[in-house]
Amino acid sequence: MSFIGKLSGGEKLTKPCRPEETEPLPDREELLGKKREFLKKKIDQEFLFAKTNSRKNRRGALQALKRKRWYEKHLKNIDCAVKAMRSAHEHMEIVNKLNDVMKEITEEHDLTQDMTETLLSSAGFEVEFDEEELLAELQRLENSLDETVFNKDAAERRLPSSASHSQPAMTEEEDIEGDLERLRCWASAPS
């Protein structure tokens, strides 16, 4: 487990953090600050020991320099951990705000959905119809219509109108080609 993972308790953040859940952050940051100061003092002590013993006790001076580097390495880790914790804290605030906005949007969507359903049901759009009754009504409508209206309409489509005698009559093939051309234009038109 990484150093930062050990500092955060090794837990993954799977739910939004609230301020009451992030209260230990200042405590952890304070603890890391104390460790940082302690390591700085140890680095200074080891450097001073290596400096004073560089001629008399070279082996001890080398050991002191090794310890100094070890402390420096841990000091860098602590600095990185503090930066990561601060960054994570800032990002948690952003994520929490985003979660709140998403929650509000969801609540408003649910409210408008409820209102829409209420309006539709109160306006009678969800009324069930008897299909047999509708078919019977359609049959009565068809029977009451005058057949001459249908025949006249079909004849007008086949023959050119009296107002357009100057244009030659289109054949059925030309009519189909015209329809296909309009369909091609419609299909290739940008959306």
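What you see is a predicted model, and the numbers here were worked out from it, not measured in a lab.
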Would you compute the distance between atom [atom1] of [X] and atom [atom2] of [Y] and round it to the nearest 0.5 angstrom?
{"X": "Gln63", "Y": "Asn57", "atom1": "CD", "atom2": "CG", "answer": "9.5 Å"}
{"X": "Asp100", "Y": "Glu104", "atom1": "CG", "atom2": "CD", "answer": "6.5 Å"}
{"X": "His109", "Y": "Thr106", "atom1": "NE2", "atom2": "OG1", "answer": "8.0 Å"}
{"X": "Leu32", "Y": "Asp27", "atom1": "CG", "atom2": "CG", "answer": "11.0 Å"}
{"X": "Met92", "Y": "Asn99", "atom1": "CE", "atom2": "CG", "answer": "12.5 Å"}

Checklist entry - Does a side-chain N-to-carboxylate-O contact under 4.0 Å join Glu30 and Lys34? => result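 Yes, charged N to carboxylate O under 4.0 Å.
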Checklist entry - Applying the 4.5 Å side-chain criterion to the ILVMFWY set and letting contacts propagate, would Tyr71 and Phe49 be lumped into a single cluster? => result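 Different clusters.
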Flag the pair [X] / [Y] as yes when at least one side-chain heavy-atom distance between them is below 4.5 Å, and no otherwise.
{"X": "Gln139", "Y": "Leu135", "result": "no"}
{"X": "Arg36", "Y": "Lys40", "result": "yes"}
{"X": "Leu31", "Y": "Glu29", "result": "no"}

Checklist entry - Which residues, ordered by chain and number, are linked to Leu138 in its hydrophobic cluster, where ILVMFWY side chains connect at heavy-atom gaps below 4.5 Å, directly or through other members? => result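 Other cluster members: none.
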Next on the checklist: Under 4.5 Å side-chain heavy-atom separation, chaining through any Ile, Leu, Val, Met, Phe, Trp or Tyr, what else clusters with Leu180? Say none if it is isolated.
Outcome noted: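 Leu180 shares its hydrophobic cluster with Ile176.
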Next on the checklist: Set out, in order, the CA-CA distance, both residues' side-chain angles and the distance that settles salt bridge (charged side-chain N to carboxylate O under 4.0 Å, His left out) for Lys68 and Glu72, then state yes or no.
Outcome noted: CA-CA 6 Å; Lys68 176 185 166 279; Glu72 288 173 339; 2.8 Å; yes
Item to check | Of His91, Lys83, Met85, the residue whose pairing with Ser87 passes side-chain contact (heavy atoms from CB on, under 4.5 Å) | outcome: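 Result for side-chain contact (heavy atoms from CB on, under 4.5 Å) with Ser87: His91.
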Item to check | Of Lys73, Lys66, His74, the residue whose pairing with Trp70 passes side-chain contact (heavy atoms from CB on, under 4.5 Å) | outcome: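 Answer to the side-chain contact (heavy atoms from CB on, under 4.5 Å) test with Trp70 among Lys73, Lys66, His74: His74.
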Checklist entry - Would Leu111 and Met115 count as a side chain to side chain contact (heavy atoms under 4.5 Å, CB included) if you check the C-alpha gap in whole Å, the side-chain angles of each, and the deciding distance to 0.1 Å? => result CA-CA 6 Å; Leu111 180 64; Met115 290 172 61; 4.2 Å; yes
Checklist entry - Which atoms form the tightest heavy-atom contact between Leu75 and Leu39, and what is the distance? => result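 Where Leu75 meets Leu39 most closely, the heavy atoms are N-CD1, 3.8 Å.
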Item to check | Heavy atoms of other groups near Glu132 CD, more than 12 under 6.0 Å | outcome: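 Open.
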Checklist entry - Quick check: are there more than 12 heavy atoms from other residues, nucleotides or ligands sitting under 6.0 Å from CD of Gln113? => result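 Yes, CD of Gln113 has more than 12 neighbouring heavy atoms, counting only those of other groups under 6.0 Å.
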Checklist entry - Could you give all pairs that pass the side chain to side chain donor-acceptor pair (under 3.5 Å) test and reach residues 41-54, with sequence neighbours left out? => result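 Listed once each, the pairs are Glu46-Arg67.
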